[in-house]
Amino acid sequence: MFKDITVEELQKYKEALLIDVRSEKEYAEGTVPKAINMPVFNNEERAKIGEIYNKESIKKAMELGLEIASQKLPYFYREIQNLAGKRPIILFCWRGGMRSKSLATVLDLMGMNVYRLVGGYKAFRRYIVDFFARDFTFQVVNLKGNTGTGKTRLLRRLKQDGYPVLDLEGLSNNRGSVFGHIGLGDQPTQKQFEALLFEEISQYKNYPYLLVECESKRIGKVLIPDSLFKAMENGLQILVYDDLDRRAERLVQEYASKPQIIGDIESSLIKLKKRLGKAKLEELSDLLKRQDYLQFARELIKEYYDKLYGYPNEPSDGYDLCLSSGSEEKAVIEIKAFLNNKFFHSTGDLNVRVV
C-alpha cells in the first residue's frame, strides 16, 4: 500500500520525484518546486468532467473520469518508471483526492515506491501562506546601491562560497525597473514566487542571517511577502558604490552582450518619455541605433537610474558598511569580514555561529 506524507515531511525527501497530477492550468498557477506535471485529466478533460458533474450526476462524472484515466495508466507507469529510477515517487493533486490516490494505487501495485502528499497542493499552499504570515526569523543583510554597482555579481560570488544568499531577482525572474524583464522570459505567478522563496529560505535554516539585494516590494508583477520585506527594511544595510564608467561597463556587459534584446530595450525606452522628456528620449534612441552602448548606459544611469533610486555614490552615514565595488575581489573580502564580525565570534581556534 502506498504511504501518505505531510507537507512538513517533504523536506526529508529531497531526492524524490515529485509529480503534480493536476491539469496544466492548475500546475501553471502554482505547484511544489521541482514538481513535474503529468495530468491525470488535461484542461479539456477536466472541464468536461466538471460539466457532467454539475449538469448530470456525480456518478456519470466519475465514470467518465475512470474511462479517461484508465487509458493513460500504461503511459504513466512507463514514463514514471523511466524518470524515477530508484528514487521514491511523491504524487499530489489539489486536495490529495481521487486523482493522486488512483495513480498511487496503480503504481504501488506495480511495485514502485510511492507516497501521496496529504492534503495535496492545497495543504502545501496553506503551509507557505502560514510561513510568511509569521515574523521572519532571519536577520536580513541588504546590499544597497545604484544600478551598475555590481551587487548581483557580489552576491553570486558569496553564494558560490557558501554564504546564505536569497536571490530575489533570480527567483522573480526580473531585475526591477522598466528594463527588468528584458531577456528573462515570463515571471512566475505570485503563488509560485512564494513557493520558490520558501524553498530557498529552507536551505538556510541553520543560519542566523540571509543576504539579499535590496528591492522594492514589487519586483515586476510579483510582491515580496510582508514579513520578508519588513525584515529587509529593518535589517543591516551595506552600501555598494562605484564610479560611473565602471557601472556603465557592467550594464553593457549585462545587456549589450545579447544583441537580440537591443530591440526590447528600445521598446522599453518609450515608457520613460514622461520621465525623461522627448529630447532626451530621442538622444538615447539615437545612441542605441549608433550602437554607442557605453554612452547610452552612462546617460541612462545619470538621467534615469540614479534619480530613481537615489543612493549615494560615495561612502555615507546611515549604513552599517560602505564599500567600493571597483575591485570585486576586495569587495567580497570586505563583506565576508563584516559578516564574520557580526555573526561569529572566536572561542579558541573555533568559530562558533551565533544563533
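Since the model is a prediction, treat every value here as computed from it, not as a measurement. Each residue takes its place number in the sequence, starting with 1.
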Short N-O contact, [X] and [Y], less than 4.0 angstrom:
| X | Y | value |
| --- | --- | --- |
| E63 | K59 | yes |
| E45 | K48 | no |
| E200 | K159 | yes |

Main-chain N/O of [Y] paired to [X] side chain as donor or acceptor, under 3.5 Å:
| X | Y | answer |
| --- | --- | --- |
| Y209 | P164 | no |
| D20 | I36 | no |
| S325 | T149 | yes |
| N340 | K336 | yes |
| Q81 | R78 | no |
| S100 | L91 | no |
| D320 | Q237 | yes |
| E26 | T31 | no |
| R99 | C93 | no |
| K280 | E303 | no |

- [ ] Determine, for Y121 and R22, whether the Lys NZ or Arg CZ falls below 6.0 Å from the six-membered ring centre while staying within 45 degrees of the axis.
- [x] yes

Open item on the list: Whether the N313 and R247 side chains hold a donor-acceptor pair (N or O, under 3.5 Å, no angle test) is what I'd like checked.
Closed with: yes

Open item on the list: Just by distance, no angles: are the side chains of Q203 and E199 close enough, under 3.5 Å, to form a donor-acceptor pair?
Closed with: no

Is the number of heavy atoms from other residues, nucleotides or ligands under 6.0 Å of [X] [atom1] greater than 12?
| X | atom1 | value |
| --- | --- | --- |
| Y53 | OH | no |
| K330 | NZ | no |
| E8 | CD | yes |

TODO: For L284 and D286, run side-chain contact (heavy atoms from CB on, under 4.5 Å): C-alpha distance rounded to whole Å, both residues' side-chain angles, the deciding distance at 0.1 Å, then the answer.
DONE: CA-CA 5 Å; L284 288 168; D286 183 60; over 6 Å; no

TODO: Let me know which of L239, V212, L236, I238 forms a side chain to side chain contact (heavy atoms under 4.5 Å, CB included) with N142.
DONE: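 Option passing the side chain to side chain contact (heavy atoms under 4.5 Å, CB included) with N142: V212.
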
Side chains of [X] and [Y], heavy atoms from C-beta outward: is any pair under 4.5 Å?
| X | Y | result |
| --- | --- | --- |
| Y311 | C214 | yes |
| F2 | T105 | yes |
| F131 | R134 | yes |
| L210 | V165 | no |
| L251 | L294 | no |
| N146 | Y241 | no |

Task: CA sep, side-chain torsions, deciding dist, call: L154, E328, side-chain contact (heavy atoms from CB on, under 4.5 Å) - done: CA-CA 7 Å; L154 294 175; E328 190 173 291; 3.7 Å; yes

Open item on the list: The test is side-chain contact (heavy atoms from CB on, under 4.5 Å); show your working for F229 and E233 and say whether it passes.
Closed with: CA-CA 6 Å; F229 191 69; E233 289 183 314; 3.4 Å; yes

- [ ] Evaluate the side chain to side chain donor-acceptor pair (under 3.5 Å) criterion for residues Q253 and E249: first the C-alpha distance (whole Å), next the side-chain angles of each, then the deciding distance (0.1 Å), finally the verdict.
- [x] CA-CA 6 Å; Q253 290 172 10; E249 287 170 3; 5.4 Å; no

TODO: Starting at CG of L10, measure out to NZ of K34 and round the result to the nearest 0.5 Å.
DONE: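 Here the rounded value is 11.5 Å.
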
Task: Hydrophobic cluster membership, F296 vs L308, 4.5 Å side-chain cutoff - done: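 Yes, F296 connects to L308 through the hydrophobic network.
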
- [ ] Take K217 and D226 through the side-chain contact (heavy atoms from CB on, under 4.5 Å) test and state the conclusion after the steps.
- [x] CA-CA 8 Å; K217 184 170 177 58; D226 288 341; 2.6 Å; yes

Task: Test of ring centre spacing under 6.0 Å for Y115 and Y13 - done: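 Y115 vs Y13: aromatic centres under 6.0 Å.
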
